[in-house]
Undergrad: 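Before I ask anything, here is the structure I am working with.
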Amino acid sequence: MSEEKKEYEDLNIPFSQKQKAEIQPQAKQRKSFHIPAPAWFAIGCAVMIAAALIGFRIRDSVLGEQVVLLDASVPSFTGYSGGGTLNGEFSPEKAAVEKLQDMVEERKAKGRSTDSLVRLIDSISCGFDRDSGYSNNENLIYACSYDADAAEQAGIRLSNETKAYTVSGLAEYQVLDVFSGVSAQWQFNDSGLYVEVYAPQEYLDMGIDYVTDYDELTYNNETVSIHSEFDQNVLRSYGYVVETDDMTYPLGPRPEAITDANTLKEEEKEALKQQMQAVLENELTGCNYRAALHALTGTYSIEITGIERADIQTDPVSYFNEAPLFRITYVLSTNSESLISSYGSFDAHYTGRIYRMADGSIRFLTNTVHACEFSGWFGMYSLKEDGE
């Protein structure tokens with residue numbers, strides 16, 4: 001007996017089981033299948049991409065196809081800081097609208113309804129909250145609105161509906177108020193009343209001019225419009241820009257023309273005489289209180305020594321006018337080295353209209369200006385005058 005068999009028989013195994021053990025074949029060992037780590041990573045990525053694509057399809061079918069409304073366009077600006085505007089057209093939604101319009105054609109080609117999509121396109125409205133007055137470093141919001149119900153019915157999901165932009169590149173100028181210190185008053189000329197505008201000299205030196213819309217027939221007895229005229233390029237050379245070139249000035253009721261000097265109170269007449277005498281005295285000061293007289297017998301230098309009295313009369317030439325002219329005449333006392341001043345009368349007069357102003361005061365409006373010279377004949381001489 002071999003040692004192997006003997007060793008087998010020595011085991012404490014029942015005979016029946018020993019036979020089975022002797023005839024049982026030995027099982028072969030199977031090798032395990034192993035997948036490398038990079039392959040697992042690739043499989044995972046593929047699964048994730050597939051899941052994402054399926055998710056996007058589910059999202060688009062449930063929430064709608066996404067369309068980015070505003071693209072990456074950036075606006076440019078022109079003008080000056082504080083009064084800037086857009087430089088040309090700015091429509092960052094244009095590409096999205098064109099895409100939606102292409103979708104309309106695609107759906108038509110497939111026989112699908114396009115009513116809701118067309119309604120969505122027509123409802124899209126975009127823009128800034130204002131179109132001017134921009135300043136450097138200011139943030140502007142560009143926003144879009146649209147028909148949300150139409151978008152849902154069309155299966156469209158719009159995104160990026162608002163966007164912020166920063167203003168830059170505008171010139172820096174100081175805004176000039178061309179009406180600061182500007183006023184208007186009633187004045188008188190050959191044609192009657194008119195409105196005179198008074199402005200600071202520095203504005204006039206920059207070439208700014210002012211006109212009014214005063215019309216005697218249409219004036220409302222309250223306000224007058226003052227319009228400023230200027231060259232913007234000239235003002236910019238001074239560092240200024242102008243935003244407003246019109247203003248409404250409270251001129252008040254139009255003065256009432258006096259048609260009869262007898263309706264004036266005595267104190268009002270006296271006030272007019274004193275008002276115009278002050279003007280005459282100023283003119284005489286400019287003449288050194290002397291005036292030349294050219295007569296047939298020669299030329300004389302007449303010394304004006306004083307103003308004796310004054311009188312107010314209606315000018316007979318304009319007596320029947322709606323606003324007649326009045327003449328305030330001042331009698332002058334004179335002296336001359338010759339005897340001529342002893343044989344004549346000398347005076348000075350102002351011709352104009354009398355008006356009662358809105359505050360009740362009386363004004364004599366005239367454009368009479370005297371020269372340092374007497375004119376006349378037959379011993380009656382008056383200071384030579386220009387204008388009324």
Side-chain angles (χ1 to χ4, degrees), residues 48-176 232-233 235-236 239-245:
M48 291 179 63
I49 293 173
L53 291 175
I54 295 173
F56 288 151
R57 291 181 64 86
I58 295 174
R59 182 202 62 185
D60 288 344
S61 62
V62 176
L63 301 178
E65 182 178 349
Q66 182 177 6
V67 175
V68 178
L69 194 50
L70 300 180
D71 61 22
S73 301
V74 177
S76 63
F77 304 93
T78 185
Y80 61 94
S81 185
T85 59
L86 282 172
N87 185 15
E89 182 182 358
F90 179 64
S91 302
E93 73 280 5
K94 184 177 180 180
V97 172
E98 291 176 349
K99 179 178 180 180
L100 293 174
Q101 290 171 341
D102 291 340
M103 293 172 64
V104 170
E105 299 303 320
E106 293 174 0
R107 293 187 182 186
K108 284 182 179 180
K110 295 177 181 180
R112 296 176 57 186
S113 173
T114 60
D115 293 345
S116 57
L117 185 54
V118 171
R119 195 165 67 253
L120 168 62
I121 295 172
D122 292 340
S123 71
I124 295 176
S125 177
C126 305
F128 294 107
D129 59 350
R130 68 182 196 280
D131 57 8
S132 62
Y134 304 147
S135 299
N136 284 329
N137 301 318
E138 176 185 7
N139 286 328
L140 298 178
I141 302 298
Y142 192 88
C144 296
S145 62
Y146 57 89
D147 187 337
D149 291 336
E152 182 178 356
Q153 294 170 13
I156 300 298
R157 182 163 51 90
L158 297 178
S159 64
N160 200 22
E161 304 163 20
T162 62
K163 203 167 185 180
Y165 303 93
T166 301
V167 180
S168 63
L170 298 176
E172 294 287 348
Y173 291 108
Q174 183 177 349
V175 177
L176 177 65
Q232 189 74 273
N233 291 327
L235 293 185
R236 284 175 179 166
Y240 296 114
V241 292
V242 176
E243 293 183 339
T244 303
D245 56 6

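Owing to the predicted nature of the structure, the values given are computational and were not obtained by experimental measurement. Quick note: residue numbers are just sequence positions, from 1.
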Undergrad: Any side-chain heavy-atom pair from I141 and F128 closer than 4.5 angstrom?
TA: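 Result no, sub-4.5 Å side-chain heavy-atom pair not found.
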Undergrad: Report the residue from V241, V175, V167, L170 that forms a side chain to side chain contact (heavy atoms under 4.5 Å, CB included) with S81.
TA: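 For S81, the side chain to side chain contact (heavy atoms under 4.5 Å, CB included) test succeeds with only one of V241, V175, V167, L170, which is L170.
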Undergrad: Using side-chain heavy atoms (C-beta onward) and a distance below 4.5 Å, is E138 in contact with L140?
TA: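 Side-chain contact under 4.5 Å: yes.
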Undergrad: So, K163 side chain and D71 main chain: donor-acceptor pair closer than 3.5 Å or not?
TA: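 Yes; at least one donor-acceptor contact below 3.5 Å.
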Undergrad: Looking only at heavy atoms, what is the nearest atom pair of V242 and L235, with distance?
TA: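 So the two residues come closest at CG2-CD1, 3.3 Å.
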Undergrad: Out of curiosity, I156 CD1 to L69 CG, how far, rounded to the nearest 0.5 Å?
TA: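 Going from the CD1 atom of I156 to the CG atom of L69 covers 11.5 Å.
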Undergrad: Just how far is it from atom NZ of K99 to atom CG of D102, taken to the nearest 0.5 Å?
TA: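 Atom-to-atom, K99:NZ and D102:CG are 9.5 Å apart.
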Undergrad: CD of E243 to OH of Y80: how many Å apart, nearest 0.5 Å?
TA: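 Reported value, rounded in 0.5 Å steps: 3.5 Å.
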Undergrad: Does the distance from a Lys or Arg side-chain N to an Asp or Glu carboxylate O, for E65 and R107, drop under 4.0 Å?
TA: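 Not counted as a salt bridge, because no side-chain N and carboxylate O are separated by less than 4.0 Å.
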Undergrad: Please check if the side chain of N87 supplies one atom and the backbone of T78 the other of a donor-acceptor pair under 3.5 Å.
TA: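 Between the backbone of T78 and the side chain of N87 there is no qualifying donor-acceptor contact (under 3.5 Å).
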Undergrad: Which pairs of donor and acceptor atoms, one on a side chain in residues 90-98, lie under 3.5 Å apart (sequence neighbours left out)?
TA:
residue : atom : partner : partner atom : Å
S91     : OG   : E89     : OE2          : 3.2
E93     : OE1  : Y142    : OH           : 2.8
E93     : OE2  : Y142    : OH           : 3.4

Undergrad: Is it true that N136 and S168 share a donor-acceptor pair across their side chains at a distance under 3.5 Å?
TA: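 Looking only at side-chain atoms, N136 and S168 do not form any donor-acceptor pair under 3.5 Å.
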Undergrad: Should L100 and L117 count as side-chain neighbours, where that means a heavy-atom distance under 4.5 Å?
TA: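 Yes - at least one pair of side-chain heavy atoms lies under 4.5 Å apart.
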Undergrad: Roughly how far, to the nearest 0.5 Å, is CG of D131 from OG1 of T85?
TA: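 T85 atom OG1 to D131 atom CG measures 8.5 Å (nearest 0.5 Å).
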Undergrad: Supply the atom-to-atom distance Y134 OH to Y165 OH, rounded to the nearest 0.5 angstrom.
TA: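 One gets 12.0 Å once the value is rounded to the nearest 0.5 Å.
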Undergrad: Go through the structure and list residues passing side chain to side chain contact (heavy atoms under 4.5 Å, CB included) with S123, not counting sequence neighbours.
TA: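 Result, side chain to side chain contact (heavy atoms under 4.5 Å, CB included) vs S123: L120, Y146, D147.
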